[in-house]
Amino acid sequence: MKKLRSLTNKNQKRNLITFSNPESIITEEFRTIRTNIQFSSEQKRTKTILMTSPSLQEGKSTTVANLAVSMAQQKEKVLIIDADLRNPRIHSIFKLENSIGLSSVLTNRNWFEEAIKETNIGKLEILTSGPIPDNPTELLGSNVFSRLLEAASQTYDVILIDSPPVLEVSDTKLLANQCKSVILVLRHGKSKVDKAIEAKKVLKIAKAELIGVIINERS
């Protein structure tokens, strides 16, 4: 495990800065993270990466979104899956409607292809969370989700999965076991060391490999 990069996050935590300001220092930091992940992926043949944090409000969803944009700008075909079926954020960040999404596919209400949303950012596509279900843990641990990931991996170069904080609910443990490769997002000044250590232990129990850590810095 290594620290992929530290990000300076000022007042733009909810913006797609990699899209709106491609020459910024933060955008360049995301490019560095992208490169580090590519080297790691070549060594481990990783295509599906789960991104999580120990607790709430650590910048996880914004990091997922900006990293995906950076990858798509390099002409990779990228899919974001918002698997936080309790407190989804991805549709808000990209300003997408969310009446159909992952939960719709997992409950067989819609086909995967129907739920995918295109963007105007390279080859970036998004599977938003869909309506919040009553049984998120059961849905994410189902064979349907496993088959969805397997099918998506045949189409996309990279799949980034936004998941709930690993210490908050059991959903992320199930996701981590299926995805194997995990990146932990921390926020400087907010993330507690003991929580980060506990998160690492939980991921190890889930038999996931923590391939790196991204630290959001506030100034």
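Both backbone and side-chain heavy atoms feed into the values below; hydrogens, waters and symmetry mates do not.
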### Task
Report the residue from Lys117, Arg89, His91 that forms a side-chain hydrogen bond (donor to acceptor under 3.5 Å, both in side chains) with Thr128.
Lys117
### Message
I'd like to know if the side chain of Gln73 and the backbone of Thr18 have a donor-acceptor N/O pair within less than 3.5 Å.
### Response
yes
### Task
Heavy atoms only: give me the nearest Ala176-Ala206 pair and the separation to one decimal.
CB-CB, 4.3 Å
### Query
Under 4.5 Å between side-chain heavy atoms, hopping through other hydrophobics if needed: is there a path connecting Ile17 to Phe94?
yes
### Message
Just verifying a value: how many Å separate Glu29 CD and Asn66 CG, rounded to the nearest 0.5 Å?
### Response
12.5 Å
## Note on the structure
side-chain hydrogen bond (donor to acceptor under 3.5 Å, both in side chains) filter on Lys123, not counting sequence neighbours, yields none
### Main-chain N/O of Leu16 paired to Ser20 side chain as donor or acceptor, under 3.5 Å
yes
#### Entry: Contacts of Glu23 that satisfy side-chain hydrogen bond (donor to acceptor under 3.5 Å, both in side chains) - sequence neighbours left out
none
### Query
Does Asp82 reach the side chain of Asn98, with side-chain heavy atoms less than 4.5 Å apart?
no
### Task
Treating Ile, Leu, Val, Met, Phe, Trp and Tyr as nodes and any side-chain heavy-atom pair under 4.5 angstrom as an edge, say whether Ile93 and Val158 lie in one connected cluster.
yes
### Query
With no hydrogens and no angle check, is any side-chain donor or acceptor of Ser104 less than 3.5 Å from a backbone partner on Asn110?
no
### From CG (Leu203) to OG (Ser181), nearest 0.5 Å
11.5 Å
### Task
Verify the neighbour count for atom CD of Glu114: are there more than 12 heavy atoms of other residues, nucleotides or ligands below 6.0 Å?
yes
### Query
Charged N to carboxylate O below 4.0 Å: is that the case for Asp162 and Lys60?
yes
### Message
Within the 4.5 Å heavy-atom criterion, are Leu148 and Leu102 side-chain neighbours or not?
### Response
yes
### Nearest-0.5 Å distance that lies between atom CD1 in Ile37 and atom CD1 in Ile49
4.5 Å
### Task
Pick out which of Leu67, Leu124, Leu127 makes a side-chain contact (heavy atoms from CB on, under 4.5 Å) with Ile80.
Leu124
### Query
Would you say the side chain of Leu160 lies within less than 4.5 Å of the side chain of Ile183, judging by non-hydrogen atoms?
no
### Message
I'd like to check the side chain to side chain contact (heavy atoms under 4.5 Å, CB included) partners of Ser99; sequence neighbours left out, ordered by chain and number.
### Response
Glu97
#### Entry: Set of residues satisfying salt bridge (charged side-chain N to carboxylate O under 4.0 Å, His left out) with respect to Arg31, sequence neighbours excluded
Glu28
### Query
Linking I/L/V/M/F/W/Y whenever their side-chain heavy atoms sit closer than 4.5 Å, directly or via other members, would Phe145 and Val105 fall into one cluster?
yes
#### Entry: side chain to side chain contact (heavy atoms under 4.5 Å, CB included) against Arg86, all qualifying residues, sequence neighbours excluded
Asp84, Pro136, Thr137, Val169, Asp171
### Summary
Interatomic distance, CG@Leu174 vs CG@Leu140, rounded to 0.5 Å, equals 7.0 Å
### Message
Suppose we screen for side-chain hydrogen bond (donor to acceptor under 3.5 Å, both in side chains). Which residues come up paired with Ser103, at least two apart in sequence or across chains?
### Response
none
#### Entry: Partners meeting side chain to side chain contact (heavy atoms under 4.5 Å, CB included) with Leu167 (sequence neighbours left out)
Pro54, Lys195, Glu198, Ala199, Val202
### Message
What I'd like to find out is whether the side chain of Ile81 reaches to under 4.5 Å of the side chain of Leu149, using heavy atoms alone.
### Response
yes
### Message
Looking at Asp194, I'd like to know if its CG atom is crowded, meaning that more than 12 non-hydrogen atoms belonging to other residues, nucleotides or ligands lie closer than 6.0 Å.
### Response
yes
### Query
What is the distance from atom OG1 of Thr63 to atom CG of Asn216, rounded to the nearest 0.5 Å?
4.0 Å
### Query
Going through the distances and angles, do Leu50 and Thr172 end up as a side chain to side chain contact (heavy atoms under 4.5 Å, CB included)?
CA-CA 9 Å; Leu50 183 77; Thr172 307; 4.0 Å; yes
### Task
With sequence neighbours excluded, tell me which residues meet side chain to side chain contact (heavy atoms under 4.5 Å, CB included) with Gln154.
none
### Message
Would Leu210 and Lys200 count as a side chain to side chain contact (heavy atoms under 4.5 Å, CB included) here? Give the steps.
### Response
CA-CA 7 Å; Leu210 187 59; Lys200 182 181 177 181; 4.1 Å; yes
### Message
Is any side-chain heavy atom of Pro133 closer than 4.5 Å to one of Thr107?
### Response
no
#### Entry: Pairs meeting criterion side chain to side chain donor-acceptor pair (under 3.5 Å) with involvement of residues 142-153, two or more places apart
Ser146-Gln178
### Query
Given the rule that I, L, V, M, F, W and Y join up when any side-chain heavy atoms are under 4.5 Å apart, are Ile33 and Met71 in one cluster?
yes
### Side chain proximity check, Phe19 to Thr27, heavy atoms < 4.5 angstrom
no
### Message
Tell me every residue that passes side-chain hydrogen bond (donor to acceptor under 3.5 Å, both in side chains) with Ser92, counting only those two or more places apart in sequence or in another chain.
### Response
none
### Query
Is there side-chain contact between Leu184 and Thr52, with at least one heavy-atom pair below 4.5 Å?
yes
### Val78 backbone acceptor or donor facing Asp157 side chain under 3.5 Å
no
### Summary
In short, Ile161 meets Cys179 closest at the heavy-atom pair CD1-SG, 3.4 Å
#### Entry: Euclidean distance, Phe112 CZ relative to Leu106 CG, rounded to 0.5 Å
10.5 Å
### Query
Same hydrophobic cluster for Ile90 and Ile100, using side-chain heavy-atom links shorter than 4.5 Å among ILVMFWY?
no
